[in-house]
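For ligands, and for the atoms within them, numbers begin at 1 and follow the listed sequence. Model, not experiment: these values are computed from the prediction.
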Amino acid sequence: MEHQAFKALKDKVCVITGGGGVLGTSMAHGLASAGVITVILDINEEAAKKLASDITSDMGVKSYGYKANVLDRASLEEVRKQILEEVGEMDMLINGAGGNSPKATTKLEQITEEELDQLEDGFFGLELEGFQKVFDLNFTGTLLPTMVFARDMVARQKGVVLNVSSMNAYKPLTKIPAYSAAKASVNNFTEWLAVHFAKVGVRVNAIAPGFFLTNQNRFLVTDEQTGALTPRGEKIISNTPMGVFGEPEDLNGTVLFLLSDMSNFITGICIPVDGGYSAFGGV
Ligand code: NAD
């Protein structure tokens with residue numbers, strides 16, 4: 001089904017990094033439903049190519065898949081050349097690649113008096129390597145593709161960059177300090193770049209998804225055997241006023257809005273798509 005409100009997006013080209021992942025796949029379908037030509041970039045070449053071929057055959061809208069590493073400038077420059085030759089000028093970029101690492105995750109939510117002999121399960125057991133990985137993927141992995149793909153947009157004085165942040169950017173969740181700080185840096189960078197590009201027709205915004213059941217978090221929030229909520233899953237649901245996890249398609253309206261001319265006067269913001277999570281004080 002084509003979204004009439006987003007008609008002008010038809011045949012525009014959008015690059016999606018991490019496009020082979022759960023949310024990227026859903027966003028790519030949402031974009032294709034508005035006639036956008038999607039360019040799926042992923043370090044997982046098979047996932048990128050399969051998604052592009054599925055969209056092209058199932059939806060009748062062109063889609064292209066390429067292997068690219070958001071942390072490797074040469075790989076991004078190479079793929080940019082290929083896209084220019086095989087697809088055309090890029091109008092939009094979604095920086096979707098991101099994620100956490102177990103090496104940057106504590107076992108404990110808080111240190112209590114009873115756990116003073118197991119400090120390694122908390123802050124003191126975190127590995128610098130894990131922090132570096134998570135900052136690289138979420139922050140540098142947003143910075144580098146923007147450097148490579150937004151240059152042509154600035155030269156043409158038209159384009160949109162959309163970063164993928166998280167609820168953790170506003171208030172860090174327990175256990176995942178690196179991911180939280182890295183996503184906060186994505187919000188800060190979104191504002192900085194929006195101002196920097198504001199006079200040359202390139203808008204920069206972000207979305208902050210709330211809690212979606214995806215491969216990354218499924219077994220942290222639901223029991224593998226029974227499918228019932230874990231205590232952490234219960235906490236999330238009781239702090240989400242709508243009382244449910246988001247479905248990946250729930251992001252698509254906001255994504256289309258921020259990419260389209262309907263949001264022409266909007267730059268430098270981050271829209272939560274979170275079932276009310278960020279509005280709730282917990283009581
Ligand atoms: P996912 O793991 O399903 O997708 C991430 C994709 O990025 C994968 O296909 C992976 O192969 C790819 N990738 C990883 N490293 C890469 C690299 N160096 N270069 C290129 N591609 C690389 O994750 P997801 O749940 O779909 O999350 C997508 C984005 O949404 C991430 O930025 C994540 O932090 C954010 N997010 C997710 C949730 C959630 O509930 N799932 C909530 C808030 C924000």
Can you tell me if Asp121 and Gln118 form a side-chain donor-acceptor pair at under 3.5 Å?
yes
Is it true that Ala68 lies under 4.0 Å from ligand 1, counting heavy atoms only?
yes
Lys183 N/O to ligand 1 N/O under 3.5 Å:
yes
Answer yes if the side chains of Thr146 and Asn95 hold a donor-acceptor pair under 3.5 Å, and no otherwise.
yes
Under 4.0 Å, counting heavy atoms only: does Gly19 come that close to any atom of ligand 1?
no
What residue and atom, counting heavy atoms only, is the protein's closest point to atom 3 (O) of ligand 1, and at what distance?
Val22 N, 2.9 Å
Report yes or no: does Pro248 have a heavy atom closer than 4.0 Å to ligand 1?
no
Can you check whether Asn264's main-chain N or O pairs, donor with acceptor, with Asp261's side chain at less than 3.5 Å?
no
Closest candidate by heavy atom, reference atom 28 (C) of ligand 1, pool Ala48, Gly96, Gly24, Gly21:
Gly96
Any side-chain donor paired with an acceptor under 3.5 Å for Asn138 and Lys183?
yes
Return the residue, atom name and 0.1 Å-rounded distance of the protein heavy atom closest to atom 12 (C) of ligand 1.
Asp42 OD1, 3.3 Å
Does Phe245 reach ligand 1, in the sense of a heavy atom lying below 4.0 Å from it?
no
Would you say the side chain of Val273 lies within less than 4.5 Å of the side chain of Pro209, judging by non-hydrogen atoms?
no
Between Thr142 and Asn163: side-chain donor-acceptor atoms closer than 3.5 Å:
no
